[in-house]
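Reviewing the structure listed below.
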Amino acid sequence: MAELRPLRIVSLVPSVTETLLAWRVTPVACTRFCEQPSLPHVGGTKDPDLRAVVAMRPDLVVMDEEENRREDAAELREAGVDVHVTAVRSVDDVTPALKELAERVGRGGVDVADVDGRAQRAEGVRAFVPIWKRPWMTINADTYGSSMLAAVGAVNVFGGAGRRYPVVTLDEVAAAGPDVVLAPSEPYPFGPRHVPELQTVGPVTLVDGQDLFWWGVRTGPALLRLAEVLRACTPERGAQPSTERGT
């Protein structure tokens with residue numbers, strides 16, 4: 001019986017690329033944001049080189065409703081490419097999304113990531129998560145990052161905002177009364193130089209943006225790391241600011 005060849009998969013989603021590699025499924029190409037210098041790159045998540053993708057004759061292209069553009073998915077399908085689109089807006093979506101992805105890439109028997117980090121709690125910690133600067137932007141409850149906070153018992157101070165990615169002012173942030181500002185390394189690269197300005201609204205802790213916004217095999221471990229960071233900021237103990245990147 002002839003051995004089946006490996007599927008040719010292009011991943012246009014950084015968290016999916018990380019997950020596939022953990023499952024020992026190596027994409028034939030990925031985006032420049034996937035942090036895989038040994039793999040061929042086909043542009044970014046929002047501006048992939050679709051002609052290059054089609055030329056690779058992939059068996060499957062993996063995209064995400066949040067990371068990628070609908071028109072790019074439509075163009076690939078019109079070119080006859082099989083496209084699988086993931087949709088993860090909360091921690092609860094991760095396990096079913098991983099199971100479906102595993103089936104599509106021929107790893108139906110793989111043990112999907114354990115995302116049960118919820119025993120590690122940081123009850124009541126009020127957090128502000130900036131995702132951009134100029135203008136300042138944050139996240140509401142209908143986002144994966146906010147669901148990570150909720151999964152460990154923390155409160156997103158802008159969870160009730162009407163828009164998923166609201167624009168805010170630092171005065172509004174201060175009025176919301178966060179116990180901690182979780183400044184992530186992406187999508188905006190917050191770092192030590194931003195701490196003094198952010199400290200005007202609350203104690204600041206720098207965190208790995210991938211732990212907040214990349215879902216997949218990292219979700220379970222990321223919940224544990226996030227809970228550890230937040231437990232140091234419980235209102236009872238007082239927030240303990242850190243300018244070292246949380247790990």
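- Taken from CZ in Arg218 to CG in Asp208, the straight-line distance is 5.5 Å, to the nearest 0.5 Å.
- A heavy-atom distance below 4.5 Å is not found between the side chains of Arg69 and Met63.
- With Arg121 contributing its side chain and Ala151 its backbone, the two residues share a donor-acceptor pair below 3.5 Å.
- Salt-bridge check for Lys133 with Glu197: passed, with a basic side-chain N closer than 4.0 Å to an acidic carboxylate O.
- Arg104 meets the side chain to side chain donor-acceptor pair (under 3.5 Å) test with Asp82; sequence neighbours excluded.
- Panel note: side chain Asn68, backbone Thr45; a donor-acceptor pair is recorded below 3.5 Å.
- The main-chain N or O of Ala161 is found under 3.5 Å from a side-chain atom of Asn140 such that the two form a donor-acceptor pair.
- For the side chain to side chain contact (heavy atoms under 4.5 Å, CB included) test, residues two or more places apart in sequence or in another chain that qualify with Ala141 are Ser146.
- No side-chain donor from either of Ser15 and Tyr144 sits under 3.5 Å from a side-chain acceptor of the other.
- Annotation: side chain of Thr205 is in contact with side chain of Val207 (closest heavy-atom distance under 4.5 Å).
- In this structure, Arg32 pairs ionically with Asp47, as a charged nitrogen and a carboxylate oxygen lie closer than 4.0 Å.
- Within 6.0 Å of atom CZ in Arg164, more than 12 heavy atoms from other residues, nucleotides or ligands are found, so the atom counts as buried in its surroundings.
- With respect to Asp211 and Arg225, a salt bridge is recorded, a charged nitrogen being found less than 4.0 Å from a carboxylate O.
- Atom CZ in Arg107 sits 13.5 Å away from atom OG1 in Thr19 (nearest 0.5 Å).
- In the model, Gln36 has no side-chain atom that pairs as donor or acceptor with a side-chain atom of Glu18 under 3.5 Å.
- The two residues Pro187 and Phe213 come nearest to each other via the heavy atoms CD-CE1, 3.9 Å.
- We find the CZ-CG distance between Phe128 and Leu149 to be 12.0 Å, quoted to the nearest 0.5 Å.
- For the 3.5 Å distance criterion, the side chains of Glu172 and Trp136 fail to qualify, holding no donor opposite an acceptor.
- A side-chain donor from one of Thr86 and Asp64 sits under 3.5 Å from a side-chain acceptor of the other.
- Between Lys99 atom NZ and Leu101 atom CG the span is 13.5 Å, to the nearest 0.5 Å.
- Side-chain contact check for Ser11 and Thr17: at least one donor-acceptor pair (N or O, by modelled atom type) lies under 3.5 Å.
- Taking the six-membered ring where the residue is Trp, Phe190 and Tyr188 present tilted rings, their angle falling between 30° and 60°.
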